[in-house]
Novice: 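Pasting a structure here, questions to come.
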There are 2 protein chains.
Amino acid sequence: MISEKTISRLTNYQSLLRQQQTQGTSHIFSHQLADLARVTPAQVRRDLMVIGYSGNPRTGYHVGDLQESLMQFFAFSTGIPTVLVGVGSLGRALLSYFMTGRSNIRILAAFDSDPMKTGRSISGCRVYPMTRLRETIADLTVTCGLITVPGSEAQKVVDALITGGIHGFVNFAPVRLKVPPTVFVENLDVTSSIEKAAFFARSYSLKTQEEQAHE
Amino acid sequence: MISEKTISRLTNYQSLLRQQQTQGTSHIFSHQLADLARVTPAQVRRDLMVIGYSGNPRTGYHVGDLQESLMQFFAFSTGIPTVLVGVGSLGRALLSYFMTGRSNIRILAAFDSDPMKTGRSISGCRVYPMTRLRETIADLTVTCGLITVPGSEAQKVVDALITGGIHGFVNFAPVRLKVPPTVFVENLDVTSSIEKAAFFARSYSLKTQEEQAHE
DNA sequence: CTCTAGCTGTGAAATTTGTCACAGCGTGAA
DNA sequence: TTCACGCTGTGACAAATTTCACAGCTAGAG
Ligand SMILES: NC(=O)c1ccc[n+]([C@@H]2O[C@H](COP(=O)([O-])OP(=O)(O)OC[C@H]3O[C@@H](n4cnc5c(N)ncnc54)[C@H](O)[C@@H]3O)[C@@H](O)[C@H]2O)c1
Ligand SMILES: NC(=O)c1ccc[n+]([C@@H]2O[C@H](COP(=O)([O-])OP(=O)(O)OC[C@H]3O[C@@H](n4cnc5c(N)ncnc54)[C@H](O)[C@@H]3O)[C@@H](O)[C@H]2O)c1
């Protein structure tokens, strides 16, 4: 079994390699990729072991080939098909970003329970009422659901999407969803992240002050 | 030194306890809190060790007292003072959420380099030009910066905020920022999270199919 | 009062995750 | 062609994190 952290780093390498390739870099060493990703060279080599790509001791990794291997490993050459539920302020921000950007994420459809928001397109994405959820995702072969409804609604929304056959979610609502072990949920809780950053900010800030006091 | 994971869980307990208290729960056992937080009871007890709060073997933890201890540990009774840089679609979503919500996060000011966006308020938050950054944050005692500018601009923005004395960041741009060891950065990379969810979705989905085939 | 069921707090073990360090290799230099 | 440098791939080790498991306690029942 391969760990979440490894997967996160691999996706990061992928985006860094894309950047490097546009800059014309053809080969890259583990220590260079490590610097870009802010990890150790050993970590990079370890991670690349799991996708089975081998570099060359003298020239490092071939950027194009490595990207190819990563693509194959992640197997989303045609992009990641997703749907979004909850076209509020956050949902609209995500639509505007992913419908225009050139990431490999495709939002195929959006859903909302509010009749004011349905029946039209936002950033080029159709917004459907929740009643159309089942049939629409049955047609589309969706890999991942983006949950941007209020916390109180999130559980019922995921339940519906799971019934529709979706196994992966990114949940922006500040609640822990209950899902079967065949379903993966990545929680992006902004509030919690800010609290975390604030905690460490304060502790680092105090440490800095103490050190200055010692001088 | 206390770990990031522990802090994340503690903030989560805090929000769960808030919910429980509004529902009139006065006492809670480690296994109950564990169920809510989707962790093990031992994990809960371990985590609570670090804040030095002790429960009672017969009645469990007193919800009010535990909240009090957590508050004291995090020491943000007056709310977490933050500033936001980059009033684009994501920045506006965050403003609308945190300026109206009843979380303990306070966005004191927003900044943008685009003159079209400055000089007015969005969701009740003043948007200043970047030239006013230094003086404004000097006045405000800010704990945490929210970075919602394009990736290409993120590094220079953090550099400026660090110069202004901020030690904590939540970075939404898909780049790894270079910061001194006295500064904490929490990266919220939505693209990367979706890719991760998609990867595990596919692997769980395949596993499910295999199991069904075996029957 | 005494007893007991079932919890907490916590050393110790287990597991997961990251790092070290070095054998082995490929390339360019001579 | 040979050599030497500096990298990769990886076994072994180290650190961090989680779980186990149990002594010790406490409120309520009898
Ligand atoms: N910056 C942010 O906006 C922000 C920050 C932190 C967390 N969040 C979380 O993200 C989620 C969305 O936040 P938001 O600010 O966009 O909220 P919002 O109220 O602007 O949007 C919520 C949307 O969900 C729709 N909705 C409600 N119930 C639904 C249901 N049962 N089925 C389908 N659609 C439904 C509503 O019609 C609305 O369009 C919330 O859980 C919030 O806690 C948002
Ligand atoms: N849903 C989303 O919107 C989304 C999703 C994933 C990642 N992101 C990331 O979040 C960031 C913001 O995304 P967005 O969609 O809001 O982009 P946006 O283009 O809508 O907004 C960016 C804002 O930053 C301002 N800006 C640009 N350069 C600046 C500078 N040097 N100083 C101050 N302000 C500056 C711009 O004027 C603009 O208002 C980006 O890094 C993006 O990659 C956003």
Side-chain angles (χ1 to χ4, degrees), chain A residues 1-13 16-17 20 25-70 73 176 181 184 196 199-200 203, chain B residues 1-13 17 20 25-70 73 176 181 184 187 196 199-200 203:
Chain A
M1 196 49 198
I2 177 165
S3 84
E4 282 192 46
K5 297 197 170 189
T6 303
I7 295 299
S8 291
R9 283 191 301 265
L10 285 173
T11 62
N12 187 213
Y13 301 153
L16 292 169
L17 289 170
Q20 288 302 304
T25 315
S26 72
H27 293 267
I28 194 166
F29 292 120
S30 65
H31 70 261
Q32 297 176 305
L33 191 49
D35 285 349
L36 295 170
R38 310 258 186 270
V39 296
T40 63
Q43 182 81 77
V44 169
R45 297 201 296 275
R46 210 24 105 183
D47 290 337
L48 296 189
M49 275 179 76
V50 313
I51 65 163
Y53 180 76
S54 271
N56 176 310
R58 190 65 183 190
T59 57
Y61 303 99
H62 186 277
V63 174
D65 290 355
L66 179 48
Q67 268 191 303
E68 184 59 35
S69 291
L70 281 164
F73 178 76
R176 301 287 158 144
F184 179 87
K196 184 171 154 190
F199 175 82
F200 286 107
S203 89
Chain B
M1 195 50 198
I2 177 164
S3 83
E4 281 190 46
K5 296 195 171 191
T6 303
I7 295 299
S8 291
R9 283 191 302 265
L10 285 173
T11 62
N12 187 213
Y13 300 154
L17 289 170
Q20 288 303 302
T25 315
S26 72
H27 294 267
I28 193 166
F29 292 120
S30 65
H31 70 263
Q32 299 176 306
L33 192 49
D35 285 349
L36 295 170
R38 310 256 187 271
V39 296
T40 63
Q43 182 81 79
V44 169
R45 298 201 295 274
R46 229 347 123 201
D47 289 337
L48 295 188
M49 276 180 75
V50 313
I51 65 164
Y53 180 75
S54 269
N56 177 311
R58 190 65 182 190
T59 57
Y61 303 100
H62 186 277
V63 175
D65 289 356
L66 179 47
Q67 268 191 303
E68 184 58 35
S69 290
L70 281 164
F73 178 76
R176 302 287 159 144
F184 179 88
N187 290 298
K196 185 170 153 190
F199 175 82
F200 286 106
S203 90

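Per chain, numbering begins at 1; letters A, B, ... match sequence-line order. Note that the coordinates shown come from a computational prediction; the quantities given were computed from them, not determined experimentally. Both backbone and side-chain heavy atoms feed into the values below; hydrogens, waters and symmetry mates do not.
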Novice: Listed by chain and number, what are the side-chain contact (heavy atoms from CB on, under 4.5 Å) partners of A:Q32, not counting sequence neighbours?
Specialist: A:I28, A:F29
Novice: What residues form a side chain to side chain donor-acceptor pair (under 3.5 Å) with B:Q20, not counting sequence neighbours?
Specialist: B:T25
Novice: Please identify the 5'-most and 3'-most nucleotides of DNA chain D with any atom under 4.0 angstrom from a heavy atom of chain B.
Specialist: D:dT17 to D:dG28
Novice: Whole angstrom is fine here: how far is it from CD in B:Q32 over to C1' in C:dG6?
Specialist: 13 Å
Novice: Rounded to the Å, how far apart are A:R46 CZ and C:dT16 C1'?
Specialist: 13 Å
Novice: Taking only residues two or more places apart in sequence or in another chain, which ones pass side chain to side chain donor-acceptor pair (under 3.5 Å) with B:R45?
Specialist: B:S30
Novice: According to ring pair (Phe, Tyr, Trp, His ring centres under 6.0 Å), who are the partners of B:Y13, at least two apart in sequence or on a separate chain?
Specialist: none
Novice: Rounded to whole angstrom units, what separation is found between the CZ atom of A:R45 and the P atom of C:dA23?
Specialist: 15 Å
Novice: Within residues 36-44 of chain B, find the residues that approach DNA chain C with a heavy atom at under 4.0 Å, and present them sorted by residue number.
Specialist: none
Novice: Counting any heavy atom closer than 4.0 Å, what does B:S3 reach on the DNA or RNA strands: base, sugar-phosphate only, or nothing?
Specialist: sugar-phosphate
Novice: Residues in side-chain contact (heavy atoms from CB on, under 4.5 Å) with B:S54, at least two apart?
Specialist: none
Novice: Test side chain to side chain contact (heavy atoms under 4.5 Å, CB included) on A:S26 and A:V63; report intermediate values, then the result.
Specialist: CA-CA 5 Å; A:S26 72; A:V63 174; 5.7 Å; no
Novice: For B:K5 and C:dT15, give me the distance from atom NZ to atom P, rounded to whole Å.
Specialist: 17 Å
Novice: Applying side chain to side chain donor-acceptor pair (under 3.5 Å), name anything that partners B:T11, two or more places apart in sequence or on another chain.
Specialist: A:S192
Novice: Could you tell me which residues satisfy side-chain contact (heavy atoms from CB on, under 4.5 Å) with A:R58, sequence neighbours excluded, listed by chain and number?
Specialist: A:N56
Novice: Judged by atom type as modelled, is there a donor-acceptor pair below 3.5 Å linking the side chain of A:R176 to the main-chain atoms of B:L36?
Specialist: no
Novice: Tell me which pairs pass salt bridge (charged side-chain N to carboxylate O under 4.0 Å, His left out) where either residue lies in residues 3-12 of chain A, with sequence neighbours left out.
Specialist: A:E4-B:K196, A:R9-A:D47
Novice: Roughly, in whole Å, what's the span from CZ in B:F29 to C1' in C:dA5?
Specialist: 11 Å
Novice: How many whole angstroms separate atom CG of A:L48 from atom P of C:dT19?
Specialist: 15 Å
Novice: In whole angstrom, what separates A:H27's NE2 from C:dT27's C1'?
Specialist: 12 Å
Novice: In this structure, how many angstroms lie between the C1' atom of C:dT17 and the CE atom of A:M49, rounded?
Specialist: 14 Å
Novice: Who passes side chain to side chain donor-acceptor pair (under 3.5 Å) against B:N187, sequence neighbours left out?
Specialist: B:N171
Novice: Check each residue of residues 53-69 of chain B for a non-hydrogen atom within less than 4.0 Å of any atom in DNA chain C, then write out the ones that pass by number, or none.
Specialist: B:Y53, B:S54, B:G55, B:N56, B:P57, B:R58, B:Y61
